[in-house]
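In what follows, chains are A, B, ... by sequence order, proteins preceding strands, each numbered from 1. Computed from a predicted structure; not experimentally measured.
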There are 2 protein chains.
Amino acid sequence: MSAKQKGNVDIVAVAKAAKVSPSTVSRTFNHPDLVSPATRKKINRAVQKLGYIRNRAAQTMHGKRSATIGLVVPTINHAIFAEVIQAFSDAIDKEGFSLLLASHGYDLDREYAMVRKFLEHRVDGVALIGLEHSQATARLIAQQETPAMAIWNYAQDAALPCVGADNRQAGRMAAAHLLELGHRDIGLIFPDTQGNDRARHRLSAVLETLEAAGITVPQDRKSEAPYSVAQAKQAALDLLAGPSRPTALLCGNDVIAQGALYGAQKRGLKVPEELSVMGIGDFKGSADIEPGLSTVRIPAETIGTLAGAEFTRFITSDTPEPFSLCCDLEQIIRGTTGPA
Amino acid sequence: MSAKQKGNVDIVAVAKAAKVSPSTVSRTFNHPDLVSPATRKKINRAVQKLGYIRNRAAQTMHGKRSATIGLVVPTINHAIFAEVIQAFSDAIDKEGFSLLLASHGYDLDREYAMVRKFLEHRVDGVALIGLEHSQATARLIAQQETPAMAIWNYAQDAALPCVGADNRQAGRMAAAHLLELGHRDIGLIFPDTQGNDRARHRLSAVLETLEAAGITVPQDRKSEAPYSVAQAKQAALDLLAGPSRPTALLCGNDVIAQGALYGAQKRGLKVPEELSVMGIGDFKGSADIEPGLSTVRIPAETIGTLAGAEFTRFITSDTPEPFSLCCDLEQIIRGTTGPA
DNA sequence: AATAGTATTGCAAACGTTTTCATAAACTGC
DNA sequence: GCAGTTTATGAAAACGTTTGCAATACTATT
């Protein structure tokens with residue numbers, strides 16, 4: 001029927017119940033074609049009866065893959081990463097891998113600690129967000145010879161295989177859109193770029209693009225806010241408080257843009273007539289805000305799925321070749337941007 | 001200095017380098033007080049030099065804890081669960097545990113598969129969302145004697161230790177608020193309650209509360225939408241299309257409420273003057289929408305943190321006693337609800 | 001200086017698998 | 001029937017730890 005006495009149902013208990021050797025049981029799981037159908041049936045019955053569950057730890061110890069992949073993200077609680085995590089998780093699950101997840105709160109030393117923790121668990125691979133990591137982290141994964149990859153950023157000369165998008169390009173596209181609409185007095189709300197190469201690349205590309213158009217953004221048009229709707233809203237309120245106000249706000253990502261939009265609405269400003277708001281990211285939900293958020297689409301789900309698929313392929317391949325994928329960006333023009 | 005030849009730096013390599021026995025090395029990690037400071041120093045130097053990283057799989061196999069906890073959620077890509085996951089992850093990380101995460105997309109059979117997968121990895125505990133699970137899942141964890149807990153729901157007579165809130169109470173509070181404001185024609189937008197006891201409890205409590213006030217909600221005032229802003233928006237548009245429209249919308253959670261709000265705005269309705277919108281959950285961001293969303297606060301972060309803390313305590317305790325915590329709900333009245 | 005106790009270390013068995021090698025049995029084709 | 005294959009199984013070593021037990025070295029007590 002079911003539940004046998006103790007909890008120690010192992011492969012030899014199954015073997016005994018099926019009157020075969022442990023080796024045969026193991027083979028039934030790993031190379032079913034090598035064991036006769038009759039024996040297989042006997043064994044499966046025993047497995048059922050005893051409620052046997054394979055012990056991955058033991059397999060791992062033997063040198064087989066652990067069938068786990070570690071993913072270290074800055075934060076889970078964040079529209080954009082949640083979406084990649086979901087997609088990545090689904091993709092590797094499809095290949096039989098389990099996801100070990102940790103977050104470091106944008107602290108590269110904690111990132112190192114998390115990677116280390118995962119290596120203790122002998123993950124088959126470590127995936128990180130972005131391409132900026134501490135020396136120690138790089139050394140660790142190199143030395144350990146554990147497959148590693150970067151998600152979210154793409155760069156030709158990246159030290160790690162990566163699947164992501166070009167954040168500089170994203171910054172350029174966002175700025176270009178506002179320039180095309182004739183805006184010349186543009187406010188910027190970006191997060192702290194320390195340890196966040198995504199934000200840094202976007203910001204520098206934005207500034208370069210504007211400069212190329214002859215625009216230098218004065219200090220009082222630059223504001224810093226973390227990826228929080230509430231704090232971005234406050235930052236926007238401040239930016240829009242002065243006697244003169246910008247005609248457009250370019251935001252580090254859609255969360256900030258959403259906050260900025262609420263801030264503008266609170267100030268009673270008509271968007272996009274009196275103020276344009278431009279985001280970057282195109283998060284789930286950005287399309288549904290009223291008015292719909294203009295932004296640069298970074299295909300989070302695609303990136304997550306692709307990353308998971310490529311990484312598992314890389315890990316399971318006998319002849320692994322490095323990979324790198326650059327996902328296309330897209331200007332999404334909705335209702336928050338209009339002519340200056 | 002660093003990187004030794006192969007990748008096979010194990011405890012005996014360290015032992016050799018430090019000229020002690022493997023047992024002593026092991027003890028240095030697990031019972032440092034049992035080994036002399038001098039020896040410890042020698043060993044630590046060897047560890048540094050060789051870049052040794054403990055092998056959890058081997059420890060696990062020996063019968064020690066795996067130091068992993070499996071968390072199975074309906075979906076990651078979602079405001080509300082992202083928040084609990086984050087809090088739970090942080091809480092167990094603080095106790096040295098790693099998080100194995102999987103999602104099942106509201107499919108209880110897939111949930112079973114995920115739990116099984118985790119048991120193969122010999123997680124020290126399995127945490128599930130909600131109290132509704134398949135028979136097979138229950139049997140599995142019972143038989144395996146793996147600690148298990150439920151997050152998000154609370155019920156006195158729960159089969160599992162749980163940390164969460166009373167979703168019926170949440171439904172009652174939401175309905176009560178609208179009744180107090182004098183609403184009698186109330187539209188409902190809820191997700192499919194199949195395999196989702198949170199939603200089911202909320203909905204039934206809402207209906208009971210309304211009925212107790214003499215109100216029966218006609219079929220054409222009930223709408224179904226998944227937890228998606230876009231689809232909820234559509235559902236709201238439909239509900240508000242008829243010749244007569246409800247004076248209030250009560251939504252299954254804040255994501256739906258957000259969609260409903262956008263739908264109302266799109267219809268050109270003034271909220272809360274012409275239509276009240278009530279949510280449940282108080283997700284991150286609900287406070288910042290314009291106008292701020294009225295809702296019933298379910299303290300996701302608190303729940304996650306508490307759940308993580310209680311669970312690890314339970315797992316590591318020599319004399320584990322079952323636990324259960326009911327987190328308080330709170331009516332949060334913001335700008336989307338007003339008198340009928 | 002002998003004894004008892006304590007602190008430190010090593011030996012070896014155990015944990016649950018997988019896999020190499022060897023063996024036995026069952027087929028080939030003549 | 002017989003050598004040569006092929007197929008199915010088992011025995012045993014290996015993976016990297018932890019820990020109970022035994023052995024040794026040191027300390028304090030008389």
Side-chain angles (χ1 to χ4, degrees), chain A residues 4 6-44 46-47 50-68 119-124 144-146, chain B residues 4 6-44 46-47 50-68 119-124 144-146:
Chain A
K4 218 53 189 177
K6 323 241 189 149
N8 38 12
V9 191
D10 60 0
I11 208 174
V12 350
V14 174
K16 208 165 289 177
K19 298 190 206 303
V20 295
S21 78
S23 347
T24 308
V25 178
S26 172
R27 258 189 295 259
T28 310
F29 285 117
N30 302 296
H31 314 283
D33 42 314
L34 290 185
V35 26
S36 84
T39 319
R40 245 182 302 168
K41 195 174 291 182
K42 269 198 302 184
I43 291 175
N44 284 329
V47 167
L50 299 180
Y52 168 70
I53 295 191
R54 291 159 83 173
N55 187 334
R56 289 277 189 186
Q59 316 194 105
T60 302
M61 224 208 50
H62 191 78
K64 288 202 86 156
R65 278 192 289 272
S66 65
T68 53
L119 291 177
E120 292 188 354
H121 285 289
R122 295 298 187 265
V123 291
D124 296 328
Q144 214 59 18
E145 303 181 347
T146 301
Chain B
K4 218 56 189 175
K6 322 238 187 153
N8 37 12
V9 191
D10 61 0
I11 208 174
V12 352
V14 174
K16 207 165 290 178
K19 298 191 205 304
V20 295
S21 78
S23 352
T24 308
V25 179
S26 172
R27 260 188 293 258
T28 309
F29 285 117
N30 301 297
H31 314 283
D33 43 314
L34 290 185
V35 25
S36 84
T39 319
R40 242 182 304 169
K41 196 174 292 181
K42 268 198 304 185
I43 292 176
N44 283 330
V47 167
L50 299 179
Y52 168 70
I53 295 191
R54 294 158 80 172
N55 187 333
R56 291 276 190 188
Q59 316 193 106
T60 302
M61 225 210 49
H62 191 78
K64 288 202 87 157
R65 278 192 289 274
S66 65
T68 53
L119 291 177
E120 292 189 351
H121 285 290
R122 295 299 188 264
V123 292
D124 296 327
Q144 213 60 17
E145 303 181 347
T146 301

Could you tell me how far apart [X] ([atom1]) and [N] ([atom2]) are, to the nearest whole angstrom?
| X | N | atom1 | atom2 | answer |
| --- | --- | --- | --- | --- |
| B:Asn8 | D:dA14 | CG | P | 15 Å |
| B:Leu34 | D:dT19 | CG | P | 11 Å |
| A:His31 | D:dT9 | NE2 | C1' | 14 Å |

Who are the side chain to side chain donor-acceptor pair (under 3.5 Å) partners of [X], not counting sequence neighbours?
| X | answer |
| --- | --- |
| B:Ser36 | B:Thr39 |
| B:Thr28 | none |
| A:Asp124 | A:Ser66 |

Note to self: Counting C-beta onward and ignoring hydrogens, is there a side-chain heavy-atom pair between A:Val35 and A:Phe29 closer than 4.5 Å?
What the structure shows: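 A side-chain contact under 4.5 Å is absent here.
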Next item on the list: Kindly indicate whether the side chain of B:Thr68, heavy atoms from C-beta on, has any atom under 4.5 Å from the side chain of B:Arg122.
Entry: no
Notebook entry, point to check: Mapping B:Ser36 and A:Thr24 to their closest nucleotides on DNA chain C, which lands nearer the 5' end?
Noted result: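 With B:Ser36 and A:Thr24 compared, the 5'-side residue is B:Ser36.
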Item checked: Residue met sooner reading DNA chain C from 5', once B:Arg122 and B:Ser21 are mapped to nucleotides ->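 That would be B:Ser21.
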Report all side-chain donor-acceptor pairs from residues 57-64 of chain B shorter than 3.5 Å, counting only partners two or more places apart or in another chain.
unit_1, atom_1, unit_2, atom_2, d
B:Gln59, OE1, B:Arg54, NH2, 3.4
B:Thr60, OG1, B:Arg56, O, 2.7
B:Lys64, NZ, B:Asn30, OD1, 3.1

If I compare all heavy atoms of [X] with all of [Y], which pair ends up nearest, and what's the gap?
| X | Y | value |
| --- | --- | --- |
| B:Tyr52 | B:Val9 | CD1-O, 3.3 Å |
| A:Ala17 | A:Ala46 | CB-CB, 4.0 Å |
| A:Thr146 | A:Val123 | CG2-O, 3.9 Å |

Next item on the list: To the nearest 10°, let me know how far the axis at one end of the helix from C:dA1-D:dT30 to C:dC30-D:dG1 is tilted from the axis at the other, five pairs an end.
Entry: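 Helix axis angle between the two ends: 30°.
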Checklist line | Nucleic acid contacts - residues 11-19 of chain A versus DNA chain D, non-hydrogen atoms under 4.0 Å | finding: none
Next item on the list: Please list, by residue number, the residues of residues 61-68 of chain A whose heavy atoms come closer than 4.0 Å to an atom of DNA chain C; answer none if no residue qualifies.
Entry: A:Met61, A:His62, A:Lys64
Margin query: Using a 4.0 Å heavy-atom cut-off, does A:Phe29 contact any base of the nucleic acid, only the sugar-phosphate backbone, or nothing at all?
Written below: nothing
Notebook entry, point to check: Looking for any heavy atom pair under 4.0 Å, which part of the strands does B:Arg27 touch: base, sugar-phosphate only, or nothing?
Noted result: base
Rounded distance (nearest 0.5 Å) linking atom [atom1] of [X] with atom [atom2] of [Y]:
| X | Y | atom1 | atom2 | value |
| --- | --- | --- | --- | --- |
| A:Leu119 | B:Asn55 | CG | CG | 11.0 Å |
| A:Ile11 | A:Thr24 | CD1 | OG1 | 9.5 Å |
| A:Arg27 | A:Ile43 | CZ | CD1 | 9.0 Å |
| A:Asp33 | A:His31 | CG | NE2 | 8.0 Å |

Notebook entry, point to check: If you walk 5' to 3' along DNA chain C, what is the first nucleotide with an atom under 4.0 Å of a heavy atom in chain B, and what is the last?
Noted result: C:dT8 to C:dG16
Check: Do the side-chain N or O atoms of B:Thr60 get closer than 4.0 angstrom to the phosphate oxygens (OP1, OP2) of D:dT17?
Finding: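 B:Thr60 to D:dT17 OP1/OP2: no side-chain N or O under 4.0 Å.
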Next item on the list: Identify, between A:Ser23 and A:Pro37, the residue whose nearest nucleotide on DNA chain D lies closer to the 5' end.
Entry: A:Pro37
